[in-house]
Chemist: 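The structure is given below, and queries will be raised subsequently.
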Amino acid sequence: MEENVANQIDRSTQIGLISYCGFYCGACPKYIKGDCQGCKGDSPKCAVGYKACKVRPCCIEKGINSCADCDEYTSVKDCKIYNPLMIRFGQFITRTNRRKGIEMIKEKGESEFAKYMIDKNWVTIKLGKQ
């Protein structure tokens, strides 16, 4: 029974490390080094390096865990806050796609998304490597 409680706490912590935009902060080098606490807290060490993020305040204002919970758009690709040009350009260069993370959360749930990202040790979905 103790192991089951530990697994529940661990699962809860893992889910808490899913960012508003569909990153998995638990695999981020800044998080691992203790330089960042992810984007969901209130301390100055939250969302380090992403102070210009517009997704975080939008999700906080709407009271949602991530863009996967937003009902304003059918897909996050239609949201101008989620999909600015510079983000799309950066994803093209790095061959990543955070939208795929949001889609996975919608389809399979936060727990499965966190497990997948932990297994891969990825911050965001890498294109061509599923």
Side-chain angles (χ1 to χ4, degrees):
M1 182 167 176
E2 269 182 46
E3 184 179 325
N4 197 15
V5 170
N7 285 340
Q8 289 284 57
I9 293 168
D10 192 45
R11 222 180 345 264
S12 173
T13 300
Q14 294 165 358
I15 289 170
L17 292 174
I18 298 171
S19 73
Y20 293 108
C21 69
F23 285 159
Y24 181 69
C25 296
C28 176
K30 285 185 180 186
Y31 177 82
I32 292 167
K33 287 194 295 188
D35 295 337
C36 183
Q37 294 176 353
C39 72
K40 295 221 172 150
D42 291 325
S43 95
K45 279 195 157 193
C46 292
V48 173
Y50 300 96
K51 298 296 182 196
C53 175
K54 294 186 182 353
V55 170
R56 182 177 189 261
C58 179
C59 288
I60 291 170
E61 183 179 307
K62 290 180 179 180
I64 58 178
N65 285 333
S66 75
C67 293
D69 297 328
C70 183
D71 59 6
E72 193 170 335
Y73 300 97
T74 306
S75 171
V76 290
K77 70 180 176 184
D78 299 326
C79 175
K80 296 209 184 314
I81 291 172
Y82 186 86
N83 244 349
L85 180 61
M86 290 307 292
I87 293 290
R88 292 192 318 255
F89 180 71
Q91 290 179 127
F92 175 76
I93 298 296
T94 61
R95 303 284 301 140
T96 59
N97 191 328
R98 67 185 184 156
R99 178 177 48 89
K100 295 285 185 192
I102 292 296
E103 290 171 356
M104 182 183 280
I105 294 166
K106 281 184 174 187
E107 183 182 323
K108 297 184 178 186
E110 291 176 321
S111 189
E112 283 300 309
F113 173 75
K115 183 180 181 312
Y116 179 81
M117 298 305 277
I118 290 165
D119 290 346
K120 297 285 189 177
N121 195 33
W122 287 350
V123 173
T124 188
I125 302 289
K126 297 182 185 214
L127 296 177
K129 296 192 178 192
Q130 271 78 8

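The structure displayed is predicted, hence computed values, not measured ones. Numbers for residues simply follow the sequence, beginning at 1.
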Chemist: Hey, is the main chain of C21 close enough, under 3.5 Å, to the side chain of Y82 for a donor-acceptor pair?
Modeler: yes
Chemist: Is the closest side-chain heavy-atom distance between N65 and K40 below 4.5 Å?
Modeler: yes
Chemist: Residues in salt bridge (charged side-chain N to carboxylate O under 4.0 Å, His left out) with K115, at least two apart?
Modeler: D119
Chemist: Can you give me every donor-acceptor pair (side chain of residues 101-108, partner residue at least two apart or in another chain, under 3.5 Å) with its distance?
Modeler:
from : atom 1 : to  : atom 2 : distance (Å)
E103 : OE2    : R99 : NH1    : 2.7
K106 : NZ     : T74 : O      : 3.3

Chemist: Can you check whether V76 reaches C70 side chain to side chain, under 4.5 Å on heavy atoms?
Modeler: no
Chemist: Closest approach of A27 and N121, non-hydrogen atoms and distance?
Modeler: CB-OD1, 3.6 Å
Chemist: Tell me the closest heavy-atom pair linking C58 and I81, and the distance in Å.
Modeler: SG-CD1, 4.1 Å
Chemist: Which value, rounded to the nearest 0.5 Å, describes the distance between C79 atom SG and K54 atom NZ?
Modeler: 12.0 Å
Chemist: Let me see the working for Y31 and V123 under side chain to side chain contact (heavy atoms under 4.5 Å, CB included), right down to the final yes or no.
Modeler: CA-CA 10 Å; Y31 177 82; V123 173; over 6 Å; no
Chemist: So, taking the atom named CD1 in I125 and the one named OH in Y24, what distance separates them when rounded to the nearest 0.5 Å?
Modeler: 13.0 Å
Chemist: Using side chain to side chain contact (heavy atoms under 4.5 Å, CB included) as the criterion, list what pairs up with T124, not counting sequence neighbours.
Modeler: F23, T96, R98
Chemist: How long is the gap from CZ on F92 to CG on N97, to the nearest 0.5 Å?
Modeler: 12.5 Å
Chemist: Is I60 linked to V55 within one hydrophobic cluster, defined over Ile, Leu, Val, Met, Phe, Trp and Tyr using a side-chain heavy-atom separation of less than 4.5 Å?
Modeler: yes
Chemist: Can you tell me how far CE of M117 sits from SG of C28, rounded to the nearest 0.5 angstrom?
Modeler: 11.0 Å
Chemist: If the condition is side chain to side chain donor-acceptor pair (under 3.5 Å), which residues does E72 pass it with, not counting sequence neighbours?
Modeler: K62
Chemist: Not counting sequence neighbours, which residues clear side chain to side chain contact (heavy atoms under 4.5 Å, CB included) with D78? List them please.
Modeler: Y73, S75
Chemist: State the CG-SG distance between L17 and C39, to the nearest 0.5 angstrom.
Modeler: 9.5 Å
